[in-house]
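Quick notes on the structure that follows.
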Amino acid sequence: MNREAATFDAVAEASRHREQLARLIGEDGVAVIPAALEQPRNRDVHHPFRQDSDFLYLTGFPEPEAVAVIAPGRPDGEFVLFCRPRDPKREQWDGRRAGPDGAIAGYGADQAHPLDNLDEELPKLLLGRRRVVFPLGRDEAWDRRLLEWLRRARGIARNCPTLPTAVELPQRSIHELRLIKSPAELEAMRRAAGVTVTAHRRAMQAVHPGMHEYELEAEILSIFHRHGGEAAYPTIVAGGDNACILHYVENRRRLRAGDLVLIDAGCELEGYAADITRTLPISGTFTGEQRAVYDLVLAAQLAAIDTVTPGRSFDDFHAAATRTLVQGMIDLGWLSGEADALIEDKAHHAFYPHRTGHWLGLDVHDVGLPGEGGEWRALQAGMALTVEPGLYVPPGAEGVDERWHGIGVRIEDDVVVTVDGPKVLTAGAPKEPDELESWIAAAMGGGESPGD
Ligand code: GLY
Ligand code: MN
Ligand code: MN
C-alpha cells in the first residue's frame, strides 16, 4: 500500500490561523464560523462529507454541524467550539465523535459546549463586540440562527454597552489569510500536486484507442485513493469533441484513434487541492492540426506562467495568455484583424471563453478577492493559482476550416508566487508534445515509459 504519510498538522496550523485572524479582527470583532452540514443523498445515505474550508482552516476539526467562535482577547480563552456530544449509540452507527472534552484535548479549544447549548451560550459571546464575521448568505438556516443570536444578545445586554452593529462576510479577513499560504500549507499543496502528477502520468501510460473515458478516470482515481486522497472536483476525461464542453464530466464515451483526450483531474490531499489538465493524443501522435493548436496553447501557458511573479497583477497572466492565443489564432486563420482590436471585441471568446486561472488552496476555486475598486490586485509571494489556457473549436464552428473542428486543448498547471519567480508545483507531469508522444508510444509498445 503506497499511502502518503499524513504529515500535515491541521490542528497546529489552525491554531496559527486563529492567531492571525485574532490580530486582524481585533477585540472589537468576533468570528462565528459554522462547520458544513451533512448533505442527504437519499433516505439515510449522505453525500461524502467535506468540511467547510473556512471552518477547517480555523479549527482542523473534521465533524459536521459544529460552530467555531474566535473571540480575540476573551479572558476565558479566544477559541470556543460547539460540537456534537458523545453518544455511544449514534457513534456505533455513524462514527466516532470528539465531544466537547475531545474538542479541548485534541483540537485546542479553550472552551467547548455540546450543540444543544448553542442558542444559550452563543449570544453571550457576542456581547462587547461591534462586528461579527460570519458567512452570511451561505446557508439560510444558519443566517436565521445568527439573527436569533443577535436578538437574544440584545435581550441579555443590560449591563453591556457594546453590541454588534455589523455583520461582515469572511472575504476581507479569513479569505485574505487563506490567500497567502504558509510553508506547511504549501508543503501540503506540493504533496497533493505530486499525487496528481503521478495520476496524470498513469493516464499517459494507460491511454489507448477503444477504452472508455471512465476507464481512464478509474486509473486516475485509483492513484488518488491509493495515496489517501480523493478527487478535488469531478474528473473530466473528454475524448475528441467532448473537450469542447468545458465541464464535461459524463466520461461515458469510447476514446477514438486519432482523437485527443483532455484530462482535467486533481487530487485533494489533507484538505488541499491540486488541479492539472493535460491533453493527450490517444493514438500516441498528434496530427498536424492538433499539434498546431497544442503548440499554441503551450506557448500561451508558458508566456502566462512567466508573469506569475510578485508585483504583477492577477490579470497579467490572463492578458499574456490571451495575447499569445489571439496572435496565434490570427496566424492560423481563425481570426482576422489586429490583435488589440480583436481582444477589445472579445473575438477570441468563440474559442477561448474562460479566464486563464483561479486561486488554488483548500478549495479548487479558492477564495480571495481578485481585486478592488475596479483594479486587479498585485500578486504576492505565497499566493497559489492555476494557469490554464485552452482553445476549443466546437463541431460546426463558423468561420474556421473544418479540419480544425472538434479539437479542444487545455494545459493547466499549479503555480506558487515566490520572490524567486513562479514555482510550478505540477512540473512533473509532461506537457512538451514530443515528450507526451514518447510517453504514450513507450506504454503502447509495452516498453518502459521515459522517466519511470
Ligand atoms: N478543474 C476545474 C478548473 O480547472 O478550473
Ligand atoms: Mn483550474
Ligand atoms: Mn482543472
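FYI, side chains are in, hydrogens and waters are out, and symmetry mates aren't considered; it's all heavy atoms of this structure. Just follow the structure's listing: the first ligand is 1, and inside any ligand the first atom is 1.
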Without swapping roles, check the side chain of Glu63 against the backbone of Ala98 for a donor-acceptor pair under 3.5 Å.
yes
Tell me how many protein N, O or S atoms are within a distance shorter than 2.8 Å of the Mn ion (ligand 3).
4
If you look at every heavy atom in His227 and Ile223, which pair is closest and at what distance?
ND1-O, 2.8 Å
Are Phe79 and Tyr107 close enough that their ring centers fall under 6.0 Å?
no
Counting backbone and side-chain atoms alike, does His358 have an N/O/S atom under 2.8 Å from the Mn ion (ligand 2)?
yes
Under 4.0 angstrom from ligand 1, any heavy atom of Val364?
no
Give the atom numbers and elements of ligand 1 that come within less than 4.0 Å of a heavy atom of Glu412.
4 (O)
May I ask you to identify the nearest protein heavy atom to atom 5 (O) of ligand 1, giving residue, atom name and distance to one decimal place in Å?
His365 NE2, 2.7 Å
Give the residue and atom name of whichever protein heavy atom lies nearest to atom 4 (O) of ligand 1, and the separation in Å to one decimal.
Glu388 OE1, 3.0 Å
Is the closest basic N to carboxylate O distance between Glu268 and Arg50 below 4.0 Å?
yes
Qualifying residue for side chain to side chain donor-acceptor pair (under 3.5 Å) with Glu388, from Arg355, His354, Gln301, His358:
His358
Would His354 count as a contact of ligand 1 if the rule is a heavy atom under 4.0 Å away?
no
Step through it carefully: locate the ring centre of Tyr294, locate the ring centre of Phe286, and say whether they are under 6.0 Å apart.
yes
From CA spacing to verdict: salt bridge (Lys or Arg N to Asp or Glu O under 4.0 Å), Glu187, Arg190
CA-CA 5 Å; Glu187 189 51 30; Arg190 195 191 60 74; 2.6 Å; yes
Within 45° of the axis and under 6.0 Å from the centre of the six-membered ring of Phe314, does NZ or CZ of Arg377 qualify?
no
Keeping Asp143 on the side-chain end and Gly137 on the backbone end, is there a donor-acceptor pair under 3.5 Å?
yes
Thr277 N/O to ligand 1 N/O under 3.5 Å:
no
